[in-house]
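Working notes, structure below.
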Amino acid sequence: KHSQNKMSEIKLSYFNARGRAETARLLLAHAGVRYTDQRLASEQFASVKPRLPFGQLPTLKYEGELLCQSMSLARFLANEYGLAGRNSIENAQADEIVDAVNDMIAARVAVMQDSDDAKKSELMRKLLEETLPTGLGQLEARLVERGGQFFVGNNLTWADLHLYAFVDIFRSNNPEVLDGFPKIKNLTERIEELPNISKWLQSRPETVF
């Protein structure tokens with residue numbers, strides 16, 4: 001199905017950051033696919049922005065087609081490489097987890113973007129003491145309910161990788177973020193041990209976020 005040696009056919013473009021592209025990179029890594037990992041500096045982005053369909057990154061060039069929007073291209077890759085679930089119920093269960101993770105990402109982004117320092121520190125406190133523990137607690141319960149190994153069908157899906165990408169960024173400043181969520185913590189450890197993921201984590205550029 002896939003000509004994995006045609007590197008030029010797949011190009012993921014983003015900034016030199018994990019950010020909104022890392023779920024796609026994890027999917028490509030796990031699938032063992034060769035691709036071009038294009039990382040644009042801000043001035044390079046400024047020059048291409050007018051030509052991008054939505055004026056934003058990431059984008060994925062796949063066999064001549066340009067796909068946009070981080071979740072659309074991650075979901076596409078999950079479908080391409082067998083990580084979207086095995087039927088429509090599992091597809092929806094994976095989407096549900098991804099949406100729940102995105103709610104936490106949106107809350108974190110709102111904190112980071114606030115320019116008022118006093119307000120920002122109050123928002124960060126609320127994020128760390130209320131929003132995240134609630135969201136992670138709900139995800140922990142869902143994980144237990146679905147067998148405790150993975151979020152969907154006792155198999156790895158893009159939902160697990162998307163949660164991992166979020167936790168991976170967040171714990172650089174808050175290493176204790178998974179204390180109290182043993183099943184999620186165990187899941188992230190098992191993801192890091194997957195051979196292709198492990199290889200990617202060791203070889204990818206080090207970035208702040």
Closer than 3.5 angstrom, by distance alone: can the side chain of [X] be matched with the main-chain N or O of [Y] as a donor-acceptor pair?
| X | Y | result |
| --- | --- | --- |
| Asn79 | Arg75 | yes |
| Arg108 | Leu132 | no |
| Thr157 | Ala159 | yes |
| Lys120 | Met112 | yes |
| Tyr14 | Arg20 | yes |

If every non-hydrogen atom of [X] is compared with every non-hydrogen atom of [Y], which pair is closest and at what distance?
| X | Y | value |
| --- | --- | --- |
| Ala94 | Ala84 | CB-O, 4.2 Å |
| His30 | Leu83 | ND1-CD1, 3.7 Å |
| Ala100 | Leu139 | CB-CD2, 4.0 Å |

Asp114: which residues meet the salt bridge (charged side-chain N to carboxylate O under 4.0 Å, His left out) condition with it, sequence neighbours left out?
Lys119

Quick one: list whatever passes salt bridge (charged side-chain N to carboxylate O under 4.0 Å, His left out) with Glu65, sequence neighbours left out.
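For Glu65 there are no salt bridge (charged side-chain N to carboxylate O under 4.0 Å, His left out) partners, ignoring immediate neighbours.
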
Please tell me if the side chains of [X] and [Y] come closer than 4.5 Å, counting only heavy atoms from C-beta onward.
| X | Y | value |
| --- | --- | --- |
| Glu96 | Val152 | no |
| Arg190 | Asp160 | no |
| His162 | Ile105 | yes |

Kindly state each residue pair satisfying salt bridge (charged side-chain N to carboxylate O under 4.0 Å, His left out) with at least one member in residues 163-174, sequence neighbours excluded.
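As it turns out, the salt bridge (charged side-chain N to carboxylate O under 4.0 Å, His left out) pairs with a partner in residues 163-174, which skip direct neighbours, are Arg18-Asp168, Asp168-Arg171, Asp168-Arg204, Arg171-Glu192.
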
Applying the 4.5 Å side-chain criterion to the ILVMFWY set and letting contacts propagate, would [X] and [Y] be lumped into a single cluster?
| X | Y | value |
| --- | --- | --- |
| Leu156 | Val33 | yes |
| Leu52 | Phe15 | yes |
| Leu27 | Leu57 | no |
| Ile169 | Leu163 | no |
| Ile197 | Val101 | yes |

Check Arg25 with Glu22, please: is the shortest side-chain N to carboxylate O separation under 4.0 Å?
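Answer for the salt bridge query: yes.
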
Going by ring pair (Phe, Tyr, Trp, His ring centres under 6.0 Å), name the residues that satisfy it together with [X], two or more places apart in sequence or in a different chain.
| X | value |
| --- | --- |
| Phe181 | none |
| Phe209 | none |
| Phe166 | Phe170 |

Using a side-chain heavy atom cutoff under 4.5 Å and only I, L, V, M, F, W and Y, what cluster partners does Ile89 have?
none

Apart from Leu66 itself, what residues make up its hydrophobic cluster, given side-chain heavy atom links below 4.5 Å?
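Members other than Leu66 - counting any ILVMFWY side chain reachable under 4.5 Å - there are none.
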
Just jot down the side-chain hydrogen bond (donor to acceptor under 3.5 Å, both in side chains) partners of Glu140, sequence neighbours excluded, or say none.
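Partners of Glu140 under the side-chain hydrogen bond (donor to acceptor under 3.5 Å, both in side chains) test: none.
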
Mind jotting down which residue pairs meet the side-chain hydrogen bond (donor to acceptor under 3.5 Å, both in side chains) criterion with at least one end in residues 40-59? Sequence neighbours excluded, please.
Gln56-Gln69

Classify the angle between the aromatic ring planes of Phe76 and Tyr62 as parallel (below 30°), tilted (30 to 60°) or perpendicular (above 60°).
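Aromatic pair Phe76/Tyr62 classed perpendicular.
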
I'd like to know whether NZ of Lys183 has more than 12 heavy-atom contacts from other residues, nucleotides or ligands below 6.0 angstrom.
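Atom NZ in Lys183 is not crowded, with 12 or fewer foreign heavy atoms closer than 6.0 Å.
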
Not counting sequence neighbours, which residues clear side chain to side chain contact (heavy atoms under 4.5 Å, CB included) with Ala107? List them please.
Leu127, Thr131

Taking only residues at least two apart or on different chains, which pairs with a member in residues 128-161 satisfy ring-ring contact (aromatic ring centres under 6.0 Å, His included)?
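For residues 128-161, and leaving out neighbouring residues, there are no ring-ring contact (aromatic ring centres under 6.0 Å, His included) pairs at all.
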
